[in-house]
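What follows is a single structure, written as structure tokens, with notes after it.
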Amino acid sequence: MSILKTSGSALINGGENGVMFSLPGIACQFLMMLVPILLVRPSRQHAHGDALPPSA
């Protein structure tokens, strides 16, 4: 088992926890979480139920 040695600020490189716990890593995870949320939102047209014409 090898041990990874890091130098510099733990806010930038995550320190012993790894890059996923650094500020840039957390920001990237947040942005990647927003992508599917914004893509899967229902459109306004379908939300009101006006997609089908009224039956005669």
Side-chain angles (χ1 to χ4, degrees):
M1 179 174 161
S2 65
I3 297 175
L4 179 64
K5 303 275 184 182
T6 59
S7 62
S9 173
L11 292 175
I12 301 299
N13 63 22
E16 295 178 2
N17 296 321
V19 73
M20 290 183 68
F21 293 96
S22 65
L23 289 179
I26 292 171
C28 185
Q29 293 173 54
F30 178 74
L31 291 175
M32 293 303 290
M33 181 181 64
L34 284 179
V35 170
I37 290 173
L38 295 176
L39 288 177
V40 179
R41 280 194 316 191
S43 65
R44 293 175 187 250
Q45 196 175 45
H46 297 292
H48 296 300
D50 297 335
L52 298 175
S55 59

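Since the structure is predicted, the reported quantities are computational estimates derived from the model, not experimental observations.
By the 4.5 Å side-chain criterion applied to Ile, Leu, Val, Met, Phe, Trp and Tyr, Leu23 is assigned to a cluster that also includes Leu11. The other members of the hydrophobic cluster of Val35, by chain and number, are Leu39 (side-chain heavy atoms under 4.5 Å, ILVMFWY only).
By the neighbour-count criterion of 12 heavy atoms within 6.0 Å, atom CD of Gln29 is densely surrounded, having more than that number from other residues, nucleotides or ligands. Heavy-atom neighbours of Met33 CE from other residues, nucleotides or ligands within 6.0 Å: above the threshold of 12.
Of all non-hydrogen atoms in Ser22 and Ile12, the two that sit nearest each other are CB-O, 3.2 Å.
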Fill in: Leu31 and Cys28: CA distance, side-chain angles, deciding distance, side chain to side chain contact (heavy atoms under 4.5 Å, CB included) verdict
CA-CA 5 Å; Leu31 291 175; Cys28 185; 5.9 Å; no

